[in-house]
Protein chains: 2
Amino acid sequence: MPTATRQRIIEAADDLFYRRGFDHTSFADIAGEVHISRGNFYHHFRTKDEILAAVIEARQASTRAMIRLWEDQEPTPEGRIRCFIRIVITNGALIERYGCPVGTLTSELAKLDHPCMEQARSVFSVFRDWLTEQFTALGHKDQADELAMRVLAFSQGVATLHNAFGDEAFVQREVGSMEQWLSTYSEHLKRKEP
Amino acid sequence: MPTATRQRIIEAADDLFYRRGFDHTSFADIAGEVHISRGNFYHHFRTKDEILAAVIEARQASTRAMIRLWEDQEPTPEGRIRCFIRIVITNGALIERYGCPVGTLTSELAKLDHPCMEQARSVFSVFRDWLTEQFTALGHKDQADELAMRVLAFSQGVATLHNAFGDEAFVQREVGSMEQWLSTYSEHLKRKEP
DNA sequence: CTTGTTGTAGGACAGTCGTCCTATCGAGGA
DNA sequence: TCCTCGATAGGACGACTGTCCTACAACAAG
């Protein structure tokens with residue numbers, strides 16, 4: 001049963017881990033953000049790794065929630081994949097400043113050789129599996145996972161360079177190019193099923 | 001005039017910043033790697049930021065050296081761009097473990113709001129400007145920078161996902177796809193200048 | 001009213017951090 | 001031989017880290 005305070009800790013840690021990085025965020029930082037004492041903090045999370053695990057779990061949940069939203073808004077697989085492609089525009093301001101939350105956390109945990117690495121990777125997998133489903137529905141079952149990985153790589157590349165250069169025109173251009181690439185895969189379906 | 005010890009410090013710091021991250025690498029770590037005392041360390045670098053600046057400078061130099069090597073080995077712009085594309089295979093083992101040195105450092109410095117961020121970005125720019133030159137030589141002067149950014153984004157996306165998933169087949173596949181994409185841009189030139 | 005549980009606070013603890021200071025070493029010039 | 005000066009060593013410093021312990025307040029169960 002999650003307490004309200006516990007929930008606020010997770011939200012603050014989520015935000016700080018994103019903006020400052022996991023390693024560079026201290027207990028005191030999070031406690032200060034939530035306006036509780038470090039002692040109270042320890043009552044909810046005994047170690048830093050426990051918070052990280054809870055944060056990643058929360059990110060998995062919010063990712064799934066976002067995906068459900070896309071599925072409600074867009075009836076076609078093409079429209080849904082387009083939602084994912086456009087995420088680098090939707091979250092453009094944050095990505096320009098702090099990069100992709102999933103990619104940067106994974107990179108950091110890889111360097112730290114952190115036990116939560118596998119859990120962090122699974123956030124990637126939520127996107128990957130869902131994109132694979134969409135490409136399968138689009139009639140490309142045999143290469144669905146490969147296409148999903150390509151879209152995922154696109155978003156990571158654009159996010160990293162947006163974070164490095166801050167060039168919004170570049171993001172717009174790449175999204176447009178990717179949407180055009182996507183349309184070639186969906187028109188192929190229309191031609192097969194008129 | 002760089003001392004031999006100073007050079008060894010830079011090399012050790014370069015390696016550790018890559019493998020553990022800048023923030024998570026301490027003075028003691030580097031000193032231990034070089035087998036010198038922390039006091040001696042301070043004689044060469046007074047602050048951590050000074051080491052970082054020296055490391056980034058060294059990376060710029062080694063990047064330019066690698067580029068010169070490519071230019072010596074490959075006479076055509078297409079072959080040279082191919083060298084860059086293949087770098088995610090050449091350095092595959094390291095990237096799988098620690099990600100791209102340029103991308104991960106830039107991401108970390110962005111989160112730390114570090115003054116060396118601009119300098120780190122310039123390592124990206126070395127690649128970007130050189131790729132722009134190559135695409136210009138390939139006869140695509142009007143969109144040379146856009147194509148350079150696309151190749152750069154490709155490498156960052158592939159590196160991030162290779163680091164996350166460790167899927168070598170994915171890397172091979174994406175490199176092949178990217179080389180095919182590149183060949184369409186060079187054949188366009190051959191058609192115009194037979 | 002007593003007892004026990006739970007949330008909160010504040011501080012103790014040993015360790016590490018970046019930074020800085022001082023002392024010693026060794027070679028080269030006067 | 002003495003002096004100088006860069007290279008090296010070793011430790012001191014205050015601040016901060018993650019972790020842990022104890023004390024108190026609120027409140028429900030008995």
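Letters go in sequence order (proteins before strands), and every chain restarts at 1. This structure is a prediction, so every number in the text was calculated from the model and none was measured.
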Would you say A:R86 and A:E179 make side-chain contact, with heavy atoms under 4.5 Å? yes
Can you check the A:I30 CD1 to D:dT17 C1' distance for me, whole Å? 13 Å
Counting side-chain heavy atoms from CB outward, which of D:dC20, C:dG18, D:dT8 is closest to A:Y42? D:dC20
Would you kindly give the CZ-to-P distance between B:R20 and C:dT16, to the nearest whole Å? 13 Å
If the cut-off is 4.0 Å, is B:T5 near the phosphate of D:dT8, judged by side-chain N/O to OP1 or OP2? yes
Atom CZ of A:R38 and atom C1' of C:dA9: how far apart are they, to the nearest Å? 11 Å
Short side-chain N/O contact from A:S26 to OP1 or OP2 of D:dT17, under 4.0 Å: yes
Think B:H43 has a side-chain N or O under 4.0 angstrom from the OP1 or OP2 of D:dT8? no
Short N-O contact, A:D23 and B:R20, less than 4.0 angstrom: no
Minimum-distance nucleotide to A:T47 side chain [options: D:dT8, D:dT17, D:dT19]: D:dT19
Phosphate OP1/OP2 of C:dC17: any B:H24 side-chain N/O under 4.0 Å: no
For A:G39 and for A:T25, locate the closest nucleotide of DNA chain D by heavy-atom distance; then report the residue assigned to the nucleotide nearer the 5' terminus. A:T25
Between P of C:dG11 and CZ of A:F41, the distance in whole Å: 19 Å
Within a reach of under 6.0 Å around CD of A:E57, are more than 12 heavy atoms found that belong to other residues, nucleotides or ligands? no
Would you mind telling me which of C:dC17, D:dA9, C:dA9 lies closest to the side-chain atoms of A:I36? C:dA9
Interatomic distance where CD1 belongs to B:I9 and C1' belongs to D:dA7 [whole Å]: 11 Å
Please determine whether the number of non-hydrogen atoms from other residues, nucleotides or ligands lying under 6.0 Å from atom CD of B:Q143 exceeds 12. yes
Which nucleotide, D:dA9, D:dG11, D:dT19, lies nearest any side-chain atom of B:S37? D:dA9
Give the nucleotide from the list D:dG18, C:dG18, D:dT8 with an atom nearest to the side chain of B:N40. D:dT8
Less than 4.0 angstrom between a side-chain N/O of A:H44 and OP1 or OP2 of C:dT6, yes or no? no
Rounded interatomic separation in angstrom, taking NZ from A:K48 and C1' from D:dC16: 12 Å
Nearest whole angstrom, please: distance from the P of C:dC17 to the CZ of B:R46. 21 Å
Should we count CD of B:E50 as having more than 12 external heavy atoms under 6.0 Å? yes
Mind calculating the distance between NE2 (B:H35) and P (D:dT8) to the nearest angstrom? 14 Å
